[in-house]
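Step one of this worksheet: look at the structure below.
Values reported hereafter were calculated over all heavy atoms of this structure, with side chains retained and with hydrogens, waters and symmetry mates removed.
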Amino acid sequence: MPKSKRNRPVTLSKTKKKPGLERKGKVVADIKDAIEHYDNAYVFTYDNMRNQKLKDLREQLKSSTRIFLAGKKVMQIALGRSAADEAKTGLHKLSKFLQGDSGLFFTNLPRDDVERLFKEFEEHDFARTGSISTETVELKEGPLEQFTHEMEPFLRKQGLPVRLNKGWYFPAIYACLDLTKQNTCKFSLVDAGVVELVANHVVCEEGKPISPEAAQTLRLLGMQMATFRLYLVCRWSPDDFEVYKEGLAHLKANEDDDSS
């Protein structure tokens, strides 16, 4: 009977740790370090996350603040899930708010400055596929002069009913040796097709998800429908604990969207 390939001896001393476990361990260690170095900790939630915008905010606040976006269970373990295992008194209260789209914000900034920062923070960007349209965008029948003739095939792929009306023109005199002599000036003919929309076209409708084609078209039109915003959910300090109703409502709304 042949040997079973399933029953192979494994030398534990040679087994490497999973990279994921190492990353999680580092996150826990970094959060515990932040707990020791910062006076206040907040849970926050967000709309329309943009990684580069968050990276810019981190850079802007790096002298006074540390921001974490990681697995919820990992962050909860670092804070403590109960009074018995919390890193500092009362910190476990933050853990139950780490749900859905949420993160941790450790800072030494005064509370008023943090609240003002979150209230005023707003970064506009192009909407992505699946996000909800904030308005109805309709293109009217006629020439689309903002697009060059080379873009006509791409526009058609995005579902726009377009055609190319070809034409010719003289863009410039590219050589003229002597303006007093007729035959010394040379001209060039260039294809100057104009992209035309042959019928009205609705790119997206307010309140409905944006399709991949609509997202591309809105980007071409330069229309930014997404706004990256941050909301405070709760605050911990050694002296007290506070919940922000507006941020909590946003957190619950995001959870409802994810579950639907």
Within-4.5 Å side-chain heavy-atom neighbours: L232 and E115: yes
Backbone of F241 reached by a side-chain donor or acceptor of K93 within 3.5 Å: no
Heavy-atom side-chain proximity of Y46 to L69 below 4.5 angstrom: yes
SB check R116 D112 (cutoff 4.0 Å): no
H201 vs E138 side-chain heavy atoms within contact, under 4.5 Å: no
Any donor-acceptor pair under 3.5 Å from W236 side chain to E242 backbone: no
Exam field: side chain K72 to backbone G100, donor-acceptor pair closer than 3.5 Å: yes
Interatomic spacing from CG in L94 to CD in E86 - rounded to 0.5 Å: 10.0 Å
Pairing residues for K245 by the salt bridge (charged side-chain N to carboxylate O under 4.0 Å, His left out) criterion, not counting sequence neighbours: none
Cluster check F106, Y244: I/L/V/M/F/W/Y, side chain < 4.5 angstrom: no
Donor-acceptor pair, side chain of E206 and main chain of T136, under 3.5 angstrom: no
Inter-residue atom distance D39.CG - D239.CG, 0.5 Å rounding: 9.5 Å
Hydrophobic cluster membership, F147 vs F154, 4.5 Å side-chain cutoff: yes
L79 vs L104 side-chain heavy atoms within contact, under 4.5 Å: yes
Passing option when R235 is tested against D240, V114, V243 for side-chain contact (heavy atoms from CB on, under 4.5 Å): D240
Salt bridge (charged side-chain N to carboxylate O under 4.0 Å, His left out) partners of R229, counting only residues at least two apart: E122
Residues that D33 engages under salt bridge (charged side-chain N to carboxylate O under 4.0 Å, His left out), provided they are two or more places apart: none
Co-members of F126 in a cluster of I, L, V, M, F, W and Y side chains, linked at under 4.5 Å: none
Test side chain to side chain contact (heavy atoms under 4.5 Å, CB included) applied to D30 and R66, step by step: CA-CA 10 Å; D30 288 345; R66 190 85 188 268; 3.6 Å; yes
Single-linkage hydrophobic cluster V233~I67, side-chain heavy atoms < 4.5 angstrom: no
Contact summary for A199 and P161, nearest pair of heavy atoms: O-CG, 3.9 Å
Proximity of F68 and F105 rings by center, below 6.0 Å: no
Residue pairs passing the side chain to side chain donor-acceptor pair (under 3.5 Å) test where at least one lies in residues 47-64, sequence neighbours excluded: D47-Y231, R50-D125, Q52-D56, E59-K62
With a 3.5 Å cut-off and sequence neighbours excluded, list the donor-acceptor pairs that the side chains of residues 217-227 form with protein atoms.
unit_1	atom_1	unit_2	atom_2	d
T217	OG1	E213	O	2.9
T227	OG1	H124	ND1	3.2

Exam field: side chain Q99 to backbone K96, donor-acceptor pair closer than 3.5 Å: yes
Heavy-atom neighbours of K119 NZ exceed 12 at 6.0 Å: no
Interatomic distance, F97 atom CZ to S102 atom OG [nearest 0.5 angstrom]: 11.0 Å
Closest heavy-atom pair and its distance - D85, R81: OD1-N, 3.1 Å
Contact check, side chains of N40 and Y42, non-hydrogen atoms, under 4.5 Å: yes
Backbone of D101 reached by a side-chain donor or acceptor of T45 within 3.5 Å: yes
Side-chain donor-acceptor contact under 3.5 Å, N200 with E141: no
